[in-house]
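Shown next, in structure tokens, is the structure this report addresses.
Residues: numbered from 1 along the sequence shown. Quick caveat, the model's predicted, so the values are computed rather than measured.
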Amino acid sequence: QVQLVESGGGLVQPGGSLRLSCAASGSIFSIYAMSWYRQPPGKQRELVAVITNGGSTNYVDSVKGRFIISRDNAKNTVYLQMNSLKPEDTAVYYCNARKRTVKVAVVYDTDYWGQGTQVAVST
């Protein structure tokens, strides 16, 4: 099992910045990728950014150029640096860790989730 603890959420004005942190603990040896999701009020959860063990990153189009996902392997921690925040970035942000097993070219993924941290962008 993997435990994920997010921190860094809060209230910020449009144009401001926040850095979210996600510390992973437990059985972390087989984590393939870590990511940040968000869920705005009344909407579906969406993938915001992902970073794989190989270091590749991907972002949803709406945050490209503004958000940066990074990791500190020694600390088992991933970060989401959020710049130029917009009101539409308001959401509960969730950390995700994915474990991956490949058997006979078939991929098996297991996801673990943090409790979420609230980000509110408002005047």
Side-chain angles (χ1 to χ4, degrees):
Q1 298 293 318
V2 175
Q3 293 79 47
L4 303 173
V5 179
E6 302 104 330
S7 62
L11 176 65
V12 65
Q13 293 184 338
S17 298
L18 285 173
R19 189 180 75 160
L20 306 183
S21 299
C22 174
S25 62
S27 184
I28 62 175
F29 60 90
S30 60
I31 293 176
Y32 173 77
M34 297 189 72
S35 61
W36 289 95
Y37 287 72
R38 68 185 181 188
Q39 187 167 18
K43 298 182 179 180
Q44 290 185 238
R45 188 174 300 186
E46 68 170 349
L47 177 64
V48 178
V50 59
I51 185 166
T52 70
N53 284 346
S56 63
T57 59
N58 286 289
Y59 302 89
V60 68
D61 286 344
S62 60
V63 309
K64 288 181 178 178
R66 300 188 297 121
F67 291 10
I68 300 173
I69 187 170
S70 62
R71 68 186 182 194
D72 185 335
N73 289 334
K75 297 180 179 179
N76 297 315
T77 300
V78 296
Y79 305 93
L80 186 66
Q81 178 66 48
M82 305 185 295
N83 301 315
S84 301
L85 283 162
K86 304 175 180 179
E88 49 264 45
D89 295 319
T90 296
V92 177
Y93 283 71
Y94 296 91
C95 182
N96 170 274
R98 173 164 289 183
K99 287 191 173 184
R100 172 164 290 182
T101 301
V102 180
K103 295 290 186 181
V104 197
V106 178
V107 176
Y108 301 88
D109 290 333
T110 302
D111 289 320
Y112 300 87
W113 298 91
Q115 295 298 309
T117 184
Q118 176 71 57
V119 173
V121 185
S122 176
T123 58

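Residues V50 and R98 fail the side-chain proximity criterion, which asks for heavy atoms closer than 4.5 Å. The side-chain heavy atoms of V119 and L18, taken from C-beta on, include a pair separated by under 4.5 Å. No side-chain heavy atom of Y37 sits under 4.5 Å from any side-chain heavy atom of E46. Between Y59 and I69, some side-chain heavy-atom pair lies under the 4.5 Å cut-off. Residues Y93 and M82 are in side-chain contact: their nearest non-hydrogen atoms beyond the backbone lie under 4.5 Å apart.
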Just distance, no hydrogens or angles: give the donor-acceptor pairs under 3.5 Å from side chains in residues 5-16, sequence neighbours left out.
| from | atom 1 | to | atom 2 | distance (Å) |
| --- | --- | --- | --- | --- |
| E6 | OE1 | Q115 | N | 3.0 |
| E6 | OE1 | G116 | N | 2.9 |
| E6 | OE2 | C95 | N | 2.7 |
| E6 | OE2 | G116 | N | 3.2 |

Between side-chain atoms of residues 23-34 and protein atoms elsewhere (two or more places apart, or another chain), which donor-acceptor pairs fall under 3.5 Å?
| from | atom 1 | to | atom 2 | distance (Å) |
| --- | --- | --- | --- | --- |
| S27 | OG | K99 | NZ | 3.1 |
| Y32 | OH | R100 | NH1 | 3.4 |

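In this structure, W36 has its ring center at least 6.0 angstrom away from the ring center of F67.
Atom OG of S21 and atom NZ of K75 lie 9.0 Å apart (nearest 0.5 Å). Atom CG of D109 and atom OG1 of T101 lie 8.0 Å apart (nearest 0.5 Å). For the atom pair CG of D111 and CG of N96, the computed distance is 4.5 Å after rounding to the nearest 0.5 Å.
In this structure, I68 is a member of the same hydrophobic cluster as L20, with clusters built from ILVMFWY side-chain heavy atoms closer than 4.5 Å. V121 is connected to L80 through a chain of hydrophobic side-chain contacts under 4.5 Å among Ile, Leu, Val, Met, Phe, Trp and Tyr, so both are in one cluster. By the rule that hydrophobic residues join a cluster once side-chain heavy atoms approach within less than 4.5 Å of another member, V78 and V63 end up as members of one cluster.
No donor-acceptor pair closer than 3.5 Å links the side chain of S56 to the backbone N or O of G54.
Residues A91 and R38 share a closest heavy-atom pair of CB-CB, 3.8 Å. The two residues A97 and V2 have their closest heavy-atom pair at CB-CG1, 4.3 Å. In terms of heavy atoms, R66 sits closest to S62 at NH2-O, 2.8 Å.
Scored by the salt bridge (Lys or Arg N to Asp or Glu O under 4.0 Å) test, R19 finds no partners at all (sequence neighbours excluded). In terms of the salt bridge (Lys or Arg N to Asp or Glu O under 4.0 Å) criterion, K43 has no residue partners (sequence neighbours excluded). Every residue was checked against the salt bridge (Lys or Arg N to Asp or Glu O under 4.0 Å) condition with R71, not counting sequence neighbours, and none meets it.
A donor-acceptor pair shorter than 3.5 Å can be found between the side chains of S17 and N83.
Within 6.0 Å of CD on E88 lie more than 12 heavy atoms contributed by other residues, nucleotides or ligands.
Contact check on K64 versus D61 returns a salt bridge, with a Lys/Arg side-chain nitrogen under 4.0 Å from an Asp/Glu carboxylate oxygen.
Chaining together hydrophobic side chains whose heavy atoms lie under 4.5 Å apart places Y108 alongside V106.
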